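Worth knowing before you read on, the calculation uses all heavy atoms, side chains too, and leaves out hydrogens, waters and symmetry mates. On a predicted model such as this, the values are computed, not experimentally measured, just so you know.
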Amino acid sequence: MFYFLIVLILIIGVLMGITVLLQSGKGGGLAGIASGGQTTQILGARQAPDFLEKATWALGWTFLLLCLITTFFIPRAGGGGSILQERAGELPSAAPAPIEVPSQGPAEAGSLPSANPSTPTAPDVPPTE
């Protein structure tokens, strides 16, 4: 659906650009230069500007509306929510996995657990003087 809306927005954008360029401004504009005044002969002197102006407004509002609707169909990777929602904890994917700490028995005074539990620890030897 997202890609369909993007293609539709592109088509409407091109059509809107064409209608804007065809409109005659106060100085004659591109419509008078490109067609040599044929728009007034085909569509009539009064009907062409009204039609092009209404078409521009309609295409502009459609373009704006489709851009707003497209934001609801943006594919999101990983959960389907925004970063702010994930950080706020509103989405279930935002909950971190609980960290399990292995329980150890009471430690002997002065001894530290070794990095490798299979390696035996050295016995306590009193310091020599």
Exercise for review: Any chance you could measure Gln23, atom CD, to Leu21, atom CG, to the nearest 0.5 Å?
Suggested key: 9.0 Å
Review point. Between Val7 and Phe63, is there a shared hydrophobic cluster once you connect ILVMFWY residues whose side-chain heavy atoms come closer than 4.5 Å?
Key: yes
**Study point:** Shared hydrophobic cluster for Met16 and Leu22 (ILVMFWY, side-chain gaps under 4.5 Å)
**Key:** no
Review point. Linking I/L/V/M/F/W/Y whenever their side-chain heavy atoms sit closer than 4.5 Å, directly or via other members, would Ile9 and Ile18 fall into one cluster?
Key: no
**Study point:** Inter-residue atom distance Thr62.OG1 - Trp57.CH2, 0.5 Å rounding
**Key:** 12.5 Å
Check your understanding: Could you state the interatomic distance from CD1 (Ile12) to OG1 (Thr19), rounded to the nearest 0.5 Å?
Key -> 11.0 Å
**Study point:** Rounded distance [0.5 Å steps], OG1 in Thr70 versus OH in Tyr3
**Key:** 12.5 Å
**Study point:** Side chains of Leu64 and Trp61 in contact at under 4.5 Å (non-hydrogen atoms)
**Key:** yes
Review point. Could you state the interatomic distance from OG1 (Thr56) to CG (Leu15), rounded to the nearest 0.5 Å?
Key: 10.5 Å
Point to revise | Joint hydrophobic cluster, Leu68 plus Phe4, side-chain heavy atoms closer than 4.5 Å | key: no
Review point. Phe2 and Phe73: which non-hydrogen atoms are nearest, and at how many Å?
Key: CB-O, 3.2 Å
Check your understanding: Roughly how far, to the nearest 0.5 Å, is CG of Leu10 from CG of Leu66?
Key -> 11.0 Å
Practice item. Indicate, with yes or no, if Ile69 and Ile11 share a hydrophobic cluster defined by side-chain heavy-atom contacts under 4.5 Å among Ile, Leu, Val, Met, Phe, Trp and Tyr. Key: yes
